[in-house]
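The block underneath contains the structure these notes are about, expressed in structure tokens.
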Amino acid sequence: MTEIEEARPRRSLTSRIVIGMAAGLILGVGLNMLRHGLDPEGLLERGLHGFLIDGLFYVVGAVFMASLKLLVVPLVFVSLVCGAASLDDISRLGRIGGKTLALYLATTAIAISVALSAAALFRPGDGLDLPTNLEFAPRAAPGWAETVVNIFPSNPVQAMAEGNMLQIIVFALLFGFAMSLSGDPGRRLLAVFEDLNKVVLRLVTVLMEIAPYGVFCLLARIFADQGLGAIAQLASYFSVVLAVLLFHGLVVYPMLLRIFSGLDPRVFLRKMRAPISFAFSTASSNATLPVTLETAEERLGVDNRVASFTIPLGATINMDGTAIMQGVATVFIAQAYGLDLGPAQYLGVVLTATLASIGTAGVPGVGLIMLALVLRQANLPVEGIALIIGVDRLLDMVRTAVNITGDAAVTCIVARSEGQLDAEAFQAP
Ligand code: ASP
């Protein structure tokens, strides 16, 4: 902590966040070892838990999460109203929407295909000694008709109160369009919304000042609770998921960025460090949204008219990291039960995992719940999910980082193709 404070005037915010993450991780692992190794009486345990892990770390971490989530609804609404109201030509939104959806789907399909191939090749589930008392009670998923109807809000205030992102997006788009069609009143209102947008973005930077402490506490608590012991038991599953996640984030996105937009992937990844750290620490695409949006607009040079639409949409429906986990997990569970998947089943998994990842909300742990859908479709035992729960929180952190990197990469590609990316701002240090 003191190191972070002393370094304050010299280091950038991103470096301080990374230091906070590393310190939290190391301290958390240390505390976990202390609790389990040196404290058979549990005396230390009570004090550590009461005052530190569930006390200080919990409070600071939870306040930090709340301060991020607090920004999401105002930021998405205000920023998207500005974007929609200043679109000179409505057909452009259709084009941006079409390209974005196509790329979100294509990247997810690539992610899941690589995940399935890696799992089939490395066979992480072979020879596993299955415990006999596995239990997992899946929640029922809503049907497709209900899902479509649910995109359209009947009460915008309720949509905002519940943080229903797709409904907020629809309402903001309609409101922005109406403003652009309303002549002078629309223009006056747009000026107010543009001012509001500046103020909310400023609030993002103000609240980011507590980020180093926030991520420190979040990670210290998670690792103090989890430790790294669970990884050893599921090392093969863990490493296959991790390897595919890293491949997707560090090879697939950079390649797509280079091929489709000609942009330098190294600059992209460097500028994504802050949102990636946030996503890793919070395991929530939604909570990270303010930082992803700010990075896209202020640092990657993407125009508000593109980013205000593609980033919130991506945080809600584009989950490549989640699809990767679901793909590897499905094959892993099949192998653990000694079942073989045929080509038709693999294809079914590609389709359902793509849908399941779209349906996964951008909050911690939901990807695992949606995995039940994929398993059921492939006729695999849903209780198999219990096998991988132990390491899911750690993988959730990494896959959330991949999820939001995908949103930003697609946003850059779409913005570039629409002439809405300021290449100088992108390159600027
Ligand atoms: N935590 C992930 C996210 O927010 C979703 C998941 O895979 O559970 O993007």
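Just so it is clear, the model here is predicted, and its values are computed rather than measured. Atoms within a ligand are numbered from 1 in the order they appear, just like the ligands themselves. Along the sequence shown, the residues carry numbers beginning at 1.
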Validation row: [X], [Y] side chains within 4.5 angstrom (heavy atoms):
X: Met272; Y: Leu300; answer: yes
X: Leu80; Y: Leu173; answer: yes
X: Asn304; Y: Asn197; answer: yes

For [X], is at least one N or O under 3.5 Å away from an N or O on ligand 1?
X: Leu368; result: no
X: Thr360; result: no
X: Thr400; result: yes

Residues Asp320, Arg399: salt bridge by 4.0 Å N-O rule: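 Arg399 and Asp320: not salt-bridged.
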
Look at Lys99 together with Glu418 and state whether they make a salt bridge at an N to O cut-off of under 4.0 Å.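 Salt bridge flag = yes for Glu418 with Lys99.
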
Would you kindly specify which portion of [X] sits under 4.0 Å from ligand 1, judged on non-hydrogen atoms: side chain, backbone, both or neither?
X: Met325; value: neither
X: Ala283; value: backbone
X: Ala361; value: backbone

Taking 4.0 angstrom as the limit and counting only heavy atoms of [X], give me the atoms of ligand 1 inside it, by number and element.
X: Asn403; value: 2 (C), 3 (C), 9 (O)
X: Ser284; value: 4 (O)
X: Ser285; value: 3 (C), 4 (O), 9 (O)
X: Thr322; value: 5 (C), 6 (C), 7 (O)
X: Gly365; value: 8 (O)
X: Gly367; value: 6 (C), 7 (O), 8 (O)
X: Val366; value: 8 (O)
X: Met319; value: 9 (O)

Evaluate the ring planes of [X] and [Y], with Trp represented by its six-membered ring, and classify them as parallel (under 30°), tilted (30 to 60°) or perpendicular (over 60°).
X: Phe278; Y: Phe64; result: tilted
X: Phe332; Y: Tyr237; result: tilted
X: Tyr253; Y: His248; result: perpendicular

Any atom of ligand 1 sitting under 4.0 Å from a heavy atom of Ala315?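 The answer is no, since Ala315 has no heavy atom less than 4.0 Å from ligand 1.
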
Do the side chain of Ser236 and the main chain of Pro124 share a donor and acceptor less than 3.5 angstrom apart?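 Yes, because the side chain of Ser236 sits within donor-acceptor range (under 3.5 Å) of the backbone of Pro124.
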
Donor-acceptor contact present, side-chain Arg221 to main-chain Ile53, <3.5 Å: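 The answer is yes, because a donor-acceptor pair under 3.5 Å joins these two groups.
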
Options Val363, Ile404, Asp407, Asp392, ranked by nearest heavy atom to atom 5 (C) of ligand 1, top entry: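 Answer by nearest heavy atom: Val363.
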
Among protein heavy atoms, which sits nearest to atom 1 (N) of ligand 1, and what does the distance come to when rounded to 0.1 Å?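 I find the closest protein heavy atom is Asp396 OD1, 2.7 Å.
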
Rounded at 0.5 Å granularity, tell me how far OG1 in Thr405 sits from CZ in Arg273.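 Here the rounded value is 13.5 Å.
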
